[in-house]
Amino acid sequence: MEDIPTVGLGTWKAAPGKVTEAVKVTIDAGYRHFDCAYFYHNEHEVGAGIRHKIREGVVRREDLFIASKLWCTWYTKPLVRIACCRSLKALKLKYLDLYLMHWPMGFKSPHTAWIMIPSKLLSFCFSHPRAYDLPLDCTNMVIPSDTDFLDTWEAMEDLVSTGLVKNIGVSNFNHEQLERLLNKPGLRFKPVTNQILIRFQIQRNVIVIPKSITPSRIKENIQVFDFELTQHNMDSILSLDRNLRLATFPITKNHKDYPFHIEY
């Protein structure tokens, strides 16, 4: 796999209508890594910003590293390619550098019968964004599907074989789920394993995805390569560890594949 740019732009919860300009500023500031997802519902804005800068001649497609994520309602094998193509169309791209399973959990698809009519399902999801992303029961807990992430992974592998994505990986898996995937018989592709705090992570060899649509902050967030934290600085930040996970997705705790019932 090619090297992943150390600092990328996160697009989760970015304000609608402002993402395209933020992407333009980001590219001008030197960013080449973009972290996207179907669930963020702004891939069309990201794609517009990228396309604008490519047309200006500021960057080439091959200069960029663009990642997206498969959402949980698309985990049935016939839907994986449809979901990937949807993201590619929104981003105005021919391929993704990295495509991740967003969570290890599959959710109920909007209309199971539509699986055999992909064009109808795709049309519905384009015209009803967000409508069925989080299918909930009467207790406001997510409705699981009967999918197994090992089967979903096989469909992800097909995306690499057909050239739609260069690399595939997982997100929010615990160590037991990762081990189960890595020990899968017939595994064709192994998963790819995302200012002071940014520099702190860089010195720990962690890829950093700061999110902002504010031009001044976008520029500040990449100005982290002309200084280095001392060991005392690093130890001081590490001492703040509270073993805390911020994104726990509590409405999915009833799912058989919920990853956070164990520590890691």
Taking the six-membered ring for Trp, are [X] and [Y] ring centroids under 6.0 Å apart?
| X | Y | value |
| --- | --- | --- |
| Trp71 | Tyr40 | no |
| Tyr258 | His261 | yes |
| Phe173 | Phe149 | yes |

Nearest 0.5 Å, what's the [atom1]-[atom2] distance between [X] and [Y]?
| X | Y | atom1 | atom2 | answer |
| --- | --- | --- | --- | --- |
| Asn167 | Phe189 | CG | CZ | 9.5 Å |
| Leu79 | Thr73 | CG | OG1 | 8.0 Å |
| Leu70 | Trp153 | CG | CH2 | 11.0 Å |
| Arg32 | Ile222 | CZ | CD1 | 8.0 Å |
| Ile66 | Leu9 | CD1 | CG | 11.5 Å |
| Ile262 | Asn174 | CD1 | CG | 3.5 Å |

Are [X] and [Y] connected in the hydrophobic side-chain network, where two residues link if heavy atoms are under 4.5 Å apart?
| X | Y | value |
| --- | --- | --- |
| Val206 | Tyr264 | no |
| Leu64 | Val58 | yes |
| Leu96 | Val160 | yes |
| Leu182 | Met101 | no |
| Ile251 | Ile143 | no |

If we only count heavy atoms from C-beta on, is the [X] to [Y] side-chain gap below 4.5 Å?
| X | Y | value |
| --- | --- | --- |
| Arg60 | Asp63 | yes |
| His255 | Pro104 | no |
| Tyr95 | Arg61 | yes |
| Asp133 | Phe39 | yes |
| His102 | Asn172 | yes |
| Pro191 | Met156 | no |
| Asp158 | Leu164 | no |
| Phe249 | Val142 | no |

Just by modelled atom types, is the [Y] backbone N or O under 3.5 Å from a matching donor or acceptor in the [X] side chain?
| X | Y | result |
| --- | --- | --- |
| Glu157 | Arg188 | yes |
| Asp35 | Gly10 | no |
| Ser212 | Thr214 | yes |
| Thr147 | Tyr75 | no |
| Gln177 | Asp257 | yes |
| Lys184 | Leu150 | no |
| Gln203 | Leu229 | yes |

Could you go through Val80 and Trp74, starting from their C-alpha distance and side-chain angles, then the distance that decides it, and tell me whether this counts as side-chain contact (heavy atoms from CB on, under 4.5 Å)?
CA-CA 6 Å; Val80 173; Trp74 301 78; 5.9 Å; no
Side chain to side chain donor-acceptor pair (under 3.5 Å) involving Asp151 - partner list, sequence neighbours excluded:
none
Going by side chain to side chain donor-acceptor pair (under 3.5 Å), name the residues that satisfy it together with Asn254, two or more places apart in sequence or in a different chain.
none
Relative to Tyr38, does Arg86 satisfy both conditions: NZ or CZ under 6.0 angstrom from the six-membered ring centre, and within 45 degrees of the ring's axis?
no
Full working for side chain to side chain donor-acceptor pair (under 3.5 Å) between Asn183 and Glu179
CA-CA 6 Å; Asn183 291 324; Glu179 289 171 5; 5.7 Å; no
What do the steps show when you test Glu263 against His175 for side-chain contact (heavy atoms from CB on, under 4.5 Å), and what is the final call?
CA-CA 9 Å; Glu263 186 175 5; His175 75 284; over 6 Å; no
Working for side-chain contact (heavy atoms from CB on, under 4.5 Å), residues Ile50 and Lys92
CA-CA 9 Å; Ile50 289 172; Lys92 300 176 177 62; over 6 Å; no
Stepwise side chain to side chain donor-acceptor pair (under 3.5 Å) test for His52 and Glu56:
CA-CA 6 Å; His52 181 85; Glu56 279 190 344; 3.0 Å; yes
Take atom NZ of Lys94 as the centre, draw a 6.0 Å sphere, and report whether it contains more than 12 heavy atoms from other residues, nucleotides or ligands.
no
What I want to find out is whether Asp148 reaches Arg180 closely enough, with some N-O distance under 4.0 Å, to be called a salt bridge.
yes
Looking only at the side chains, is there a donor atom on one of His33 and Asp97 sitting less than 3.5 Å from an acceptor on the other?
no
Validation: residues 15-27 side-chain donor-acceptor distances under 3.5 Å, sequence neighbours left out:
from: Thr20; atom 1: OG1; to: Glu45; atom 2: O; distance (Å): 2.8
from: Glu21; atom 1: OE2; to: Lys24; atom 2: NZ; distance (Å): 2.9
from: Thr26; atom 1: OG1; to: Ala22; atom 2: O; distance (Å): 2.6

Looking only at heavy atoms, which two atoms of Val7 and Asn221 are closest? And how far apart?
CG1-O, 4.2 Å
Show the nearest heavy-atom pair for residues Lys219 and Ala29, with the distance to one decimal.
CG-CB, 4.0 Å
Go through it in stages, so that I can follow the logic: the residues are Tyr99 and Cys84, the test is side-chain contact (heavy atoms from CB on, under 4.5 Å), and I'd like the CA-CA distance, side-chain angles, deciding distance and then a yes or no.
CA-CA 8 Å; Tyr99 199 43; Cys84 180; 3.7 Å; yes
Taking it one step at a time, do Trp103 and Phe260 satisfy ring pair (Phe, Tyr, Trp, His ring centres under 6.0 Å)?
CA-CA 11 Å; Trp103 293 84; Phe260 303 143; 5.7 Å; yes
